[in-house]
Amino acid sequence: MLYAKHYCSQFHPKYNANIADTVKANNAAAIMAAATYTAYVASATVSLRGLTAETDVGTVTISGAPGVPNPGFGRLATTLLTVAVIFLGGMVASRWAATGHAPISDLYEFTATFGFGIAAAYLAFETFMRQRRFGVLALPIVCIVLGIATLFPTTITPLIPALQNGPLLTIHVSVMMISYAVLTVAFCGAVVYLAQGGEGHRRFGSLPSAEASADLAHRAVIIGFPLLAGGIALGAWWANSAWGRYWGWDPKETSALVTWLSMAAYFHARAGNGSVAGAPGIRRIVPERIRRGWRPDPMWWLVIMWALVMFTYFGVNLWISGLHSYTGM
Amino acid sequence: MAADARPRAAIPSSFDPFKFVWGLLTNVKFALVLVGTAAFAGLIGIVLPQVPGPMRGNAAAKAAWLELRRQDFGMFTTPMDRLGLFDVFHTVWFNGLWVLIIVAVTVCTVSRFLPTWRSVHRPTRSVGDGYFDRAHHRASFTQPGGADAVERLLKKRRYAVERTRTDPDGTVYLFAERFSWSQYGTFLSHLALLMLLVGALLTRFAGFNETFVIGENTPAVPVFADPGPNQLFVQMDKAVRGTDPTGNVVDFHSIVTVRRGTDTVTCKVTVNDPCSAFGYKIHQAAFFNDIAKLHVTDGSGRLIWDDLVDFQSETNAVPTLRVTGPDNQVLFEGDLPQMSTDTSGALPQARAVLSVPGQDGAAPTVFGATWRVTNGVLRLTMSSLGTGATIGQPDLMPGDSVHQGPYTISYVQGHAIPAITLLKFPGAPTPDTPVTLQMPTGADGKTSLYISGLDGGGFQLAQGRPVISPSGDTYSYNGQVNASGVSVKRDPGSTFIFVAVIMALVGLAITFYIPRRRLWVRVQGARTSLAGVAERTTRFSRELRLMGAELGARDALQEGDLGET
């Protein structure tokens with residue numbers, strides 16, 4: 001630890017070069033994992049085609065049967081992902097040692113840690129739910145996030161006074177980051193579900209079934225939703241301590257609330273069977289013809305939710321100034 | 001016509017407004033409309049620029065701010081302003097929307113209590129045979145163990161199991177349930193929103209929150225408008241902004257003394273650590289280092305002003321210059337404040353006069369300087385005051401130097417110095433005459449005050465060196481003062497808010513993580529049918545099939561149940 005602190009110290013001239021090397025190594029591991037997950041899913045497509053070739057000559061046509069992916073690619077993909085998670089975890093730990101606080105105080109640190117969070121959250125869900133094929137979507141997102149992290153300044157600067165609350169900085173920002181990471185996994189589930197055409201449909205045999213996708217998305221949301229609620233509540237508590245008020249409609253806190261509301265809408269949409277057109281009052285306003293056709297799947301709310309996560313994360317920090325503009329840029 | 005003329009019997013309208021409103025507020029789809037609208041409105045408030053808080057109560061300031069927005073929104077600016085799109089979070093419609101959400105949550109909470117209680121304590125224990133064929137979550141398989149084996153498995157999985165019926169043909173019906181009380185979870189999380197509302201109302205209407213800007217070593221500020229025995233006074237003993245060797249701000253703190261009667265509390269307040277005194281909390285809300293202490297007396301020595309001048313973070317861009325003589329002796333170094341505006345050219349330019357002290361008792365040499373900011377860079381032109389001829393090249397950039405006789409004038413940098421225009425300033429010809437004050441910094445790091453707009457032009461005030469204006473008033477600048485924005489707060493709603501957050505999180509945890517299941521079982525010979533409800537999983541059918549497999553049924557599982565699907 002002492003070695004790390006000395007070696008990674010901001011005063012050490014090699015530190016920035018080391019960051020660049022570490023980021024490259026991490027990105028390489030994540031890219032390799034993403035490529036292997038793609039190969040894994042592609043192997044299921046190949047097995048599907050083989051099945052079609054065998055049956056084409058006969059009278060039986062099998063369509064939409066689940067493809068069987070190559071288990072070797074699957075094991076390799078998970079191993080590479082585990083290696084990437086260990087590398088990223090090491091990067092987070094070394095940055096923590098160098099700065100003396102959780103590495104979540106500027107956009108570089110937060111984005112790099114976010115990449116680690118998504119990879120770790122996905123690995124946990126993959127292990128728990130025994131669903132490996134969502135990696136074809138989750139890992140490219142990890143690579144993109146890590147790529148974006150490299151665009152931000154990596155220089156360590158001292159914490160500004162508003163952030164000098166070690167426990168709350170660590171807990172509040174970590175909880176927000178973990179919730180965003182878990183919600184990214186939910187987004188992956190929702191996208192596959194919608195790509196499959198919803199419950200009872202299966203457009204792509206090589207991808208997970210709509211039911212399995214909905215299950216993953218829902219399980220991830222029920223973890224991400226309370227985490228985000230807890231993160232917002234902790235932020236309000238900190239705001240009261242720092243600025244003397246719980247809530248000030250600052251763009252970042254409002255955007256987090258809007259993200260949370262989008263998930264509340266998802267839960268209500270599930271309970272209300274998707275459409276708002278049947279609500280009393282709305283029923284009287286919206287013509288029957290539109291009402292019948294207007295039944296968006298609740299899963300669309302999770303797609304909107306993730307767009308809002310990205311907006312809260314990058315949009316508000318980079319383009320809208322507020323009390324949370326700690327971009328380091 | 002005759003028939004039409006007969007009086008008709010009054011037919012009561014079937015429309016019941018109370019029932020309609022109640023139905024609307026308890027409707028989950030309407031809740032979705034409300035939640036979606038609140039999210040959309042919040043998004044508008046984030047994306048569109050919002051009127052800064054201090055301008056909200058100042059019509060003139062708000063109008064000026066809106067004029068700036070007109071560059072982006074053009075003809076839509078006024079209608080957008082009328083709709084409140086530049087102040088979304090304080091509009092009637094936005095707050096009304098939240099009131100409606102809170103009312104809907106209240107109605108929903110009230111209306112769902114009895115059904116929830118009934119569902120937990122008096123559930124439907126028997127279902128018709130048709131339910132086993134059409135339930136969303138169901139499974140059917142052949143297993144050898146009969147009803148006893150099913151009962152044992154369910155009990156092992158923490159279900160409360162009850163035999164509801166045994167038919168003469170031996171068909172056994174079971175009802176099993178697990179964690180039915182978890183239905184109270186959503187009730188608790190909805191109730192938390194109401195508790196949050198109570199807390200927020202108490203904070204808003206029974207709490208106290210006032211912010212003061214208090215300078216170091218200035219008289220104590222009274223907290224309440226009405227004097228009385230409970231009056232509090234806050235004095236700023238020290239307002240500190242600490243920087244590290246590279247100039248990064250690493251510390252803001254204040255040492256304050258709070259007094260009530262003869263009791264005093266002295267404490268340190270940081271951004272993250274408010275201090276408590278007499279039931280109130282003192283928060284560090286801001287730090288200011290652009291405050292000047294000014295003292296003015298009239299010709300008869302009567303004090304007419306002894307107060308702080310708060311520059312309110314307003315600034316003016318001026319050049320920092322360094323003038324050296326023939327032997328490289330520094331004759332002037334510091335910021336050159338703007339003294340007037342030159343409007344003769346195509347673009348207005350700031351103008352000032354630089355007076356360099358003469359050597360060996362000679363008269364001072366005077367230069368003219370004009371500048372304007374283009375593309376974020378201050379471009380400076382020096383001229384000879386007598387002839388008006390430009391010295392060296394025009395539009396000097398930071399780092400450039402020009403020579404005039406024995407003098408070398410170096411343009412060091414552009415610098416934003418505190419600057420503000422005030423009305424009703426002491427010594428101004430009329431109360432409506434604008435007077436501009438600037439606070440430039442000299443080579444020694446000390447600030448001075450430049451005042452323009454009074455009778456007779458402008459003058460510079462060095463610290464501790466009073467100046468008598470043409471009208472006979474004496475102005476003394478007593479230096480720059482550090483000040484802190486301090487919020488004094490009492491929040492009786494905080495306990496409610498804390499409890500509400502705990503309730504919400506516990507409610508969500510119960511709702512999401514306690515896996516409630518309700519199951520009906522029919523065991524008809526070797527054939528076992530299961531059907532049930534589970535809110536937190538979309539794959540309850542698979543769970544039922546896996547139970548069948550555990551019971552030894554060979555026909556329970558479907559493709560993909562044990563692997564990836």
Side-chain angles (χ1 to χ4, degrees), chain A residues 66 69 130-133 157-162 164-165 168 199 208-209 211-212 214-215 218-219 222-223 225-226 229-230 233 236-238 240-246 249 251 254-255 257-259 261-262 264-265 268-269 271-273 275-282 308 311 315-316 320, chain B residues 20 23-24 27-33 35-36 38-40 42-43 45-47 50 53 88-89 200 203 209 211 242 244 246 248-253 270-274 281 283-285 487 489 491 494 497-498 501 504-505 508-509 511-513 536-539 542 559-560 563-565:
Chain A
R130 287 192 281 176
Q131 287 289 351
R132 200 171 255 157
R133 280 182 273 184
T157 50
L159 280 182
I160 60 167
Q164 288 172 9
N165 187 329
L168 268 178
E199 205 169 329
S209 68
E211 287 72 22
D215 203 34
H218 191 68
R219 280 173 193 265
I222 65 174
I223 292 172
F225 183 69
W237 185 22
W238 191 359
N240 187 46
S241 154
W243 302 314
R245 50 114 187 111
Y246 290 100
W249 297 110
T254 309
S255 195
L257 175 70
V258 170
T259 307
L261 284 174
S262 71
H268 284 85
N273 206 17
S275 172
V276 297
I282 301 291
L308 288 167
F311 175 71
V316 174
I320 299 168
Chain B
F20 172 77
L24 193 67
N27 188 287
V28 73
K29 291 173 180 175
F30 185 68
L32 183 56
V33 174
V35 170
F40 185 65
L43 211 51
I46 299 164
V47 174
Q50 301 291 291
V88 170
F89 306 118
T203 300
N209 190 4
T211 300
D244 69 1
T246 50
N248 295 301
V249 177
V250 290
D251 179 31
F252 283 129
H253 76 257
T270 69
V271 177
N272 278 300
D273 194 9
K281 279 199 166 178
H283 295 264
Q284 165 103 16
S487 294
K489 202 181 165 198
D491 182 8
S494 60
I497 291 170
F498 183 74
V501 169
L505 292 177
L508 288 176
T511 307
F512 291 145
Y513 308 134
R536 247 58 70 191
T537 174
T538 53
R539 305 179 78 191
R542 176 174 169 267
E559 192 177 355
E564 283 192 71
T565 52

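Below, chains carry the letters A, B, ... as their sequence lines are ordered, and counting in each starts from 1.
For A/I223, the parts sitting under 4.5 Å from any heavy atom of chain B are the backbone and the side chain alike. Contact annotation for B/K489: only side-chain heavy atoms (C-beta onward) come within less than 4.5 Å of a heavy atom of chain A. Residue contact with chain A, scored on non-hydrogen atoms closer than 4.5 Å, involves the backbone and the side chain of B/S494 alike. Looking at B/Q284, only its backbone comes within 4.5 Å of chain A, counting heavy atoms on both sides.
A/W237 CH2: 12 or fewer foreign heavy atoms inside a 6.0 Å radius.
When all heavy atoms are compared, the tightest approach of A/F311 to B/L43 is CE2-CD1, 4.0 Å. Between B/V35 and A/A264 the shortest heavy-atom distance is CG1-CB, 4.1 Å. The nearest pair of heavy atoms linking A/P226 to B/L508 is CA-CD1, 4.1 Å. Contact detail for B/H253 and B/T270: the closest heavy-atom pair is CB-CG2, 3.8 Å.
Ranked by non-hydrogen atom pairs under 4.5 Å with chain A, the options B/V501, B/N209, B/V47, B/D251 are led by B/D251. In terms of heavy-atom pairs under 4.5 angstrom with chain A, the leader among B/G36, B/A31, B/G42, B/A39 is B/A39.
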